[in-house]
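Report on one structure; see the data block that follows.
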There are 2 protein chains.
Amino acid sequence: MPNTATLNRKSAERAARQELILQGALTVFKEKGLEGAKIDEIARVSGFGKATLYYYFTSKEEIFSALLLHGWLSLWRELEEIAVGGDSPRATFISMLKKIAELVNTDRPLYEFLFQAPQSYTREENERSEWKAYQNRLYKVLMELIEQGIQLGEFPQMEPRLIMKAMGGLFHGLVFLGKDRDTITENEIEEMLGNLLG
Amino acid sequence: MPNTATLNRKSAERAARQELILQGALTVFKEKGLEGAKIDEIARVSGFGKATLYYYFTSKEEIFSALLLHGWLSLWRELEEIAVGGDSPRATFISMLKKIAELVNTDRPLYEFLFQAPQSYTREENERSEWKAYQNRLYKVLMELIEQGIQLGEFPQMEPRLIMKAMGGLFHGLVFLGKDRDTITENEIEEMLGNLLG
DNA sequence: CTAATATTCGACCCGTAGTTCGAATAATCG
DNA sequence: CGATTATTCGAACTACGGGTCGAATATTAG
């Protein structure tokens with residue numbers, strides 16, 4: 001006959017431990033990649049025995065996915081609101097980029113991983129994994145904003161995917177290039193985009 | 001007492017077989033990545049026995065490196081001439097991009113691999129591998145052109161690395177997005193850059 | 001043709017690393 | 001306090017895959 005309060009605490013502790021494992025995993029995955037990361041090392045870094053990891057996760061793959069899902073989901077949650085805000089496409093687009101930059105500052109390692117891993121590790125299996133759905137959703141929203149913005153003359157008259165690519169590279173650079181800068185990018189983003197979006 | 005003519009033929013055949021192996025390796029590496037690619041599969045795809053691969057290469061790693069070196073080296077060779085042509089930075093920059101687009105059309109799979117692999121597989125070991133040197137050299141030349149171009153007001157007044165990043169994304173998109181287009185990009189490049197470089 | 005050399009290859013070897021086991025310890029309940 | 005359940009963990013298991021071996025075949029030399 002289990003005690004409810006105790007049960008809650010236990011489940012909280014369980015979640016906290018999962019979080020610790022994910023934190024360690026992030027470190028190792030970032031440095032070594034999915035294949036290069038060894039379970040033993042993740043265990044060592046996160047301070048648990050190897051078998052304990054399997055008490056909280058069913059496989060290395062699941063740890064990896066949980067990490068990405070966690071990241072993309074929370075990112076999506078934050079951006080969703082902005083996306084439906086009803087501003088002009090260009091304004092919305094810029095707001096979203098700003099928000100992303102802001103979030104990046106709250107957990108740099110995580111987002112560096114999020115924006116690096118996808119290309120590298122998008123092989124068949126992952127293709128249909130849950131996190132990929134949120135990544136795609138975000139991608140799609142941004143693409144639609146660009147398309148609408150082009151219609152309205154708010155963006156250059158180019159193939160939308162190209163603008164997307166260019167923005168991607170640019171934004172990635174802006175947010176991740178500076179090693180020291182931790183307070184990024186309010187007007188910087190504006191300025192940069194203004195420069196390139198004409 | 002070996003026969004000279006025969007020796008030449010042999011070495012040519014040897015090179016040809018290495019080429020075949022690399023071709024097969026490219027297919028598999030592109031699809032599966034460095035870790036995901038199994039030697040057995042490369043052997044099967046390129047039509048040799050597994051052990052034969054080791055008769056021509058000393059390791060999987062070497063096959064991978066040979067592939068990248070081959071690509072980056074030939075790319076560099078072609079671009080070097082243009083780089084020292086003495087045109088204005090912006091004109092030189094554009095010429096180089098044009099040239100790259102042209103080369104991509106001669107061996108799309110190879111260049112898709114070249115431009116995809118680097119980020120994914122730049123972990124310690126590869127860091128100092130030979131191909132990386134050529135990749136860096138090319139990167140450096142392009143960066144310098146951008147820097148000089150900014151001085152002359154031929155590029156937007158932005159952090160050079162950002163322009164580089166944006167150009168990278170943009171160019172990558174332009175060259176690799178269109179599935180069908182095999183004759184790319186002469187004036188297209190001009191137009192696209194004009195659009196974004198102001 | 002025969003000897004020597006070059007090439008090919010599947011079967012095997014063996015280290016690595018993901019996963020599981022079983023025992024030991026800690027926490028909770030009645 | 002036992003008894004039951006939750007948690008931890010290193011040792012052991014096992015599959016996989018890079019790399020090697022030795023025999024077989026083809027090629028060249030003389």
Side-chain angles (χ1 to χ4, degrees), chain A residues 1-25 27-29 31-67 121 123-126, chain B residues 1-25 27-29 31-67 121 123-126:
Chain A
M1 217 69 77
N3 173 317
T4 311
T6 309
L7 234 56
N8 284 341
R9 180 172 53 76
K10 284 251 165 175
S11 112
E13 282 174 355
R14 187 179 171 84
R17 278 177 220 123
Q18 284 194 340
E19 197 53 49
L20 280 178
I21 293 171
L22 288 181
Q23 200 138 348
T27 309
V28 184
F29 279 136
E31 193 179 346
K32 308 283 182 67
L34 173 54
E35 316 278 341
K38 314 303 176 201
I39 288 282
D40 287 272
E41 190 177 359
I42 296 177
R44 192 172 47 72
V45 170
S46 53
F48 291 91
K50 184 211 277 235
T52 305
L53 264 59
Y54 284 90
Y55 185 72
Y56 289 96
F57 296 93
T58 68
S59 69
K60 176 177 165 180
E61 182 68 28
E62 200 201 47
I63 296 177
F64 186 79
S65 295
L67 204 50
Y121 302 110
R123 310 244 172 262
E124 296 84 75
E125 334 91 67
N126 299 63
Chain B
M1 216 65 79
N3 173 317
T4 312
T6 308
L7 234 56
N8 283 341
R9 179 171 54 75
K10 284 250 166 177
S11 112
E13 281 173 355
R14 185 177 173 87
R17 277 178 220 122
Q18 285 195 340
E19 197 53 48
L20 280 176
I21 292 171
L22 288 180
Q23 200 137 349
T27 308
V28 182
F29 280 135
E31 192 179 349
K32 307 284 182 64
L34 173 54
E35 317 278 340
K38 316 301 176 204
I39 287 283
D40 288 271
E41 189 177 359
I42 296 177
R44 192 171 47 71
V45 169
S46 53
F48 292 90
K50 185 213 275 234
T52 305
L53 264 60
Y54 285 90
Y55 185 72
Y56 288 97
F57 296 93
T58 69
S59 69
K60 176 177 165 178
E61 182 67 29
E62 200 201 46
I63 296 177
F64 186 79
S65 296
L67 205 48
Y121 303 110
R123 310 245 172 262
E124 297 84 75
E125 334 94 65
N126 299 63

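Numbers restart at 1 for each chain; the letters A, B, ... are given by sequence-line order, proteins then strands.
Backbone-only contact: A/Y56 has heavy atoms under 4.0 Å from sugar-phosphate atoms and none from a base.
Remark: B/I21 CD1 to B/Q18 CD distance equals 7.0 Å, nearest 0.5 Å. Here the OG-NZ distance, from B/S65 to B/K60, works out to 12.0 Å after rounding to the nearest 0.5 Å. To the nearest 0.5 Å, atom OH of residue B/Y54 and atom CD of residue B/E62 are 10.5 Å apart. Here CG of B/L53 is found 4.5 Å from CD1 of B/I63. Values are rounded to the nearest 0.5 Å. Distance CG/B/L22 to CZ/B/F57: 4.0 Å, rounded to 0.5 Å.
In this structure, A/R17 places its CZ atom 13 Å from P of D/dA6, rounding to the nearest Å. The CZ-P distance, from B/F48 to C/dT7, rounds to 12 Å in whole Å. Taking atom CZ of A/R44 as the reference point, atom C1' of D/dG10 lies 16 Å away to the nearest angstrom. Here the P atom of nucleotide C/dT25 and the OH atom of A/Y55 are 18 Å apart, to the nearest Å. Atom CD of A/E62 and atom P of C/dG18 are 15 Å apart (whole Å). Here D/dT7 presents its P atom at 15 Å from CG of A/L20, a figure rounded to the nearest Å.
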Close N/O contacts between protein and nucleotides 13-15 of chain C (under 3.5 Å):
none

List every contact pair, protein side and nucleotides 17-21 of chain D side both N or O, where the distance is under 3.5 Å.
| unit_1 | atom_1 | unit_2 | atom_2 | d |
| --- | --- | --- | --- | --- |
| D/dG17 | OP1 | B/K38 | NZ | 3.1 |
| D/dG18 | OP1 | B/A37 | O | 3.3 |
| D/dG18 | OP1 | B/K60 | NZ | 2.8 |
| D/dG18 | OP2 | B/I39 | N | 2.8 |
| D/dG18 | N7 | B/K50 | NZ | 3.2 |
| D/dG19 | OP2 | B/Y54 | OH | 2.9 |
| D/dG19 | OP2 | B/K60 | N | 2.9 |
| D/dG19 | N7 | B/K50 | NZ | 3.3 |
| D/dG19 | O6 | B/K50 | NZ | 2.6 |

*Any chance you could encode DNA chain C as dot-bracket? Rule is Watson-Crick or G-U wobble with both distances under 3.5 Å; [ ] for pairs crossing earlier ones, | for another strand.*
||||||||||||||||||||||||||||||
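Smallest separation of non-hydrogen atoms from B/G24 and B/S46: CA-CB, 4.0 Å. Looking at every heavy atom in both residues, B/I42 comes nearest to B/A37 through CD1-CB, 4.4 Å.
No donor-acceptor distance shorter than 3.5 angstrom exists from the side chain of B/K38 to the backbone of B/V28, with no hydrogens or angles considered. Between the side chain of A/E35 and the backbone N or O of B/G36 there is no donor-acceptor pair closer than 3.5 Å.
For A/R14, the listed nucleotide lying nearest its side chain is D/dT7; candidates were D/dT7, C/dT7, C/dT8.
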_Could you go through A/Q23 and A/V45, starting from their C-alpha distance and side-chain angles, then the distance that decides it, and tell me whether this counts as side chain to side chain contact (heavy atoms under 4.5 Å, CB included)?_
CA-CA 9 Å; A/Q23 200 138 348; A/V45 170; over 6 Å; no
_Checking A/R14 against A/Y55 for the side chain to side chain contact (heavy atoms under 4.5 Å, CB included) test, could you report, in this order, the C-alpha distance in whole Å, the side-chain angles of both residues, the deciding distance, and whether it holds?_
CA-CA 10 Å; A/R14 187 179 171 84; A/Y55 185 72; 3.8 Å; yes
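In this model, the phosphate group of D/dT7 is not approached by any side-chain N or O of A/T52 to a distance below 4.0 Å at OP1 or OP2.
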